[in-house]
Amino acid sequence: MPELPEVETVRLELEPILVNQKILSASLVDAIPAKKYQDLELAIGQTIKSVNRRGKFLILELSNNLELIIHLGMTGVIAFKEFEKHVRVKLELENNSLYFQDVRRFGRFLVVKAKDYKSMPTLHKMGPEPFSKQFTNKQFFTALQKSNTALKTYLLSQKPVAGLGNIYVDEALWQVKINPQTKAKDISLAKVKRLRKAIIEILQASIEAQGTTLNDYRTVSGEVGEYANQLNVYGHTGEPCPRCKTEIERIILGGRSTHFCPKCQNIN
DNA sequence: CGCATTTCCTGGTAGC
DNA sequence: TGCTACCAGGAAATGC
């Protein structure tokens, strides 16, 4: 499930291939629901000026003050070769063709006016990038103070910081020994500082491993991400905690699988 | 408005 | 072999 490290891995591969290439055509194949594939015809004839990322969204800057927004959802994969099944978009470029595959249709591929994200509430209200100077201890603490929700659930909202999904939230909270059910506003400043640091370090380490492949995620060149080998709690239900050997528990929080060590991450 | 819950979607798999 | 039931989760939609 692509989160920030997986999307950044894809971005790093796309950037040198796409920048300064013109989009010659855009075709949709079984691209349903239509709402997730809007206005691609506006990209035809435009040149890709830059390949950026905001949280889990890829944002391709086009020459006519438009942006091509791509979200991989759960099963989105981008490549420069044909897929056998589940292709939704083909972009013909000058030097090659980009294909977007999405088995479960959670992904999006659409053109919007630059910086106009009103129709995309998550992107519109997204917190700072974790590697930016805007992501500070003060900002993070202030953001968390605003929410009465379980910390894990609030982190998944993308509001306090961008890019975290189910895997990296569980990993970061285990790293700093915070119970995922703790209310966001109850986290002390000292713990917020450690959590901020852990988030940055874990995301960085995963980018270096080209992300986490559990099932569908692939890099643009078709490789798997190797960070799955470094996960401590996600998907490790019933296995011993790498720190204290207590069995890792799995609960449902905000409708999502949540993995944690009941001893290390005891409610305080 | 905040927060909780439900919905979308399909392949893989467990159980029979 | 084939059927049903269930699970995975990011973001949007809906409900309260």
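A note on names: the letters A, B, ... follow the listed sequences, proteins ahead of strands, and every chain is numbered from 1. Both backbone and side-chain heavy atoms feed into the values below; hydrogens, waters and symmetry mates do not.
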Interatomic distance, A/Asn215 CG vs B/dC9 C1' [rounded to whole Å]:
15 Å
Under 3.5 Å, N/O pairs linking protein and nucleotides 11-15 of chain B:
from: B/dG11; atom 1: OP1; to: A/His86; atom 2: NE2; distance (Å): 3.4

Contact class for A/Thr75 (heavy atom, under 4.0 Å): base, sugar-phosphate, or nothing?
nothing
Show me the donor-acceptor pairs within less than 3.5 Å that the side chains of residues 28-41 of chain A make with the rest of the protein, sequence neighbours left out.
from: A/Asp30; atom 1: OD2; to: A/Arg88; atom 2: NH1; distance (Å): 3.2
from: A/Asp30; atom 1: OD2; to: A/Arg105; atom 2: NH2; distance (Å): 2.8
from: A/Lys36; atom 1: NZ; to: A/Arg105; atom 2: O; distance (Å): 3.2

Can you list the residues that meet the ring pair (Phe, Tyr, Trp, His ring centres under 6.0 Å) rule with A/Phe100, with sequence neighbours excluded?
A/Phe109
For A/Phe135, what residues pass the ring pair (Phe, Tyr, Trp, His ring centres under 6.0 Å) criterion, not counting sequence neighbours?
A/Phe140
Please test A/Lys193 against A/Asn137 for side chain to side chain donor-acceptor pair (under 3.5 Å), starting from the C-alpha separation and ending with a verdict.
CA-CA 6 Å; A/Lys193 288 179 178 175; A/Asn137 288 323; over 6 Å; no
How close or far is atom P of C/dA8 from atom CD of A/Glu6, stated in whole angstroms?
18 Å
Residues in ring pair (Phe, Tyr, Trp, His ring centres under 6.0 Å) with A/Tyr217, at least two apart?
none
Apply side chain to side chain donor-acceptor pair (under 3.5 Å) to the pair A/Arg250 and A/Ser257, showing each step before the final yes or no.
CA-CA 7 Å; A/Arg250 175 180 172 275; A/Ser257 277; 2.9 Å; yes
Cut-off 3.5 Å, no hydrogens considered: what does the side-chain donor-acceptor table look like for residues 2-10 of chain A, sequence neighbours left out?
from: A/Glu3; atom 1: OE1; to: A/Gly165; atom 2: N; distance (Å): 2.7
from: A/Glu3; atom 1: OE1; to: A/Tyr168; atom 2: N; distance (Å): 3.3
from: A/Glu3; atom 1: OE2; to: A/Asn166; atom 2: N; distance (Å): 3.3
from: A/Glu3; atom 1: OE2; to: A/Ile167; atom 2: N; distance (Å): 2.9
from: A/Glu6; atom 1: OE1; to: A/Glu3; atom 2: N; distance (Å): 2.7
from: A/Glu6; atom 1: OE2; to: A/Tyr168; atom 2: OH; distance (Å): 2.5
from: A/Glu6; atom 1: OE2; to: A/Thr212; atom 2: N; distance (Å): 2.7
from: A/Glu8; atom 1: OE1; to: A/Arg11; atom 2: NE; distance (Å): 3.1
from: A/Glu8; atom 1: OE1; to: A/Arg53; atom 2: NE; distance (Å): 2.7
from: A/Glu8; atom 1: OE2; to: A/Arg11; atom 2: NE; distance (Å): 3.3
from: A/Glu8; atom 1: OE2; to: A/Arg11; atom 2: NH2; distance (Å): 3.1
from: A/Thr9; atom 1: OG1; to: A/Pro5; atom 2: O; distance (Å): 2.7

Starting from A/Leu24, walk the hydrophobic network (Ile, Leu, Val, Met, Phe, Trp, Tyr; side-chain heavy atoms closer than 4.5 Å) and list everyone else you reach, by chain and number.
none
Tell me whether the guanidinium CZ or amine NZ of A/Lys81 lies under 6.0 angstrom from the six-membered ring centre of A/Phe83 and within 45° of its axis.
yes
By the salt bridge (charged side-chain N to carboxylate O under 4.0 Å, His left out) test, which pairs, at least two apart or in different chains, include something from residues 131-160 of chain A?
A/Lys152-A/Asp170
For atom CD1 of A/Ile167 and atom C1' of C/dG10, their distance in whole Å:
12 Å
Hey, are A/Asp216 and A/Arg218 close enough for a salt bridge, meaning a charged N less than 4.0 Å from a carboxylate O?
no
Note: contacts of residues 143-154 of chain A with DNA chain C (heavy atom, under 4.0 Å) are none
By nearest-nucleotide position on DNA chain B, the 5'-leaning member of A/Pro33 and A/Gly254 is A/Gly254
Between A/Leu253 (CG) and C/dA8 (P), how many Å, whole number?
14 Å
Would a distance-only check, ignoring hydrogens and angles, find a side-chain to backbone donor-acceptor pair under 3.5 Å from A/Gln21 to A/Asn95?
yes
Length of the line joining A/Lys36:NZ and C/dG10:P, which is rounded to integer Å:
13 Å
Rounded to whole Å, please give me the gap between CZ in A/Arg250 and P in C/dC6.
15 Å
Verify, without hydrogens or angle tests, whether A/Glu129 (side chain) and A/Gly55 (backbone) share a donor-acceptor contact under 3.5 angstrom.
yes
Counting any heavy atom closer than 4.0 Å, what does A/Tyr234 reach on the DNA or RNA strands: base, sugar-phosphate only, or nothing?
sugar-phosphate
Euclidean distance, atom CG of residue A/Asp170 to atom P of C/dG10 [Å, nearest integer]
10 Å
Nearest-Å distance, CG (A/Asn166) to C1' (C/dC7)?
13 Å
Quick one, give me the B/S/- string for nucleotides 11-16 of chain C, reading 5' to 3', where B means a protein heavy atom under 4.0 Å from the base and S means that only happens at the primed atoms, P, OP1 or OP2.
BSS---
With each end axis built from five pairs of C1' atoms, what bend angle do you get for the helix from B/dG2-C/dC16 to B/dC16-C/dG2? Round to 10°.
40°
List, by chain and then residue number, the residues other than A/Met126 in its hydrophobic cluster (Ile/Leu/Val/Met/Phe/Trp/Tyr, side-chain heavy atoms under 4.5 Å); write none if there are no others.
A/Phe57, A/Ile59, A/Ile69, A/Leu110, A/Val112, A/Tyr117, A/Met120, A/Leu123
Which residue, A/Lys125 or A/Arg88, contacts DNA chain B at a nucleotide closer to its 5' end, judged by nearest heavy atom?
A/Lys125
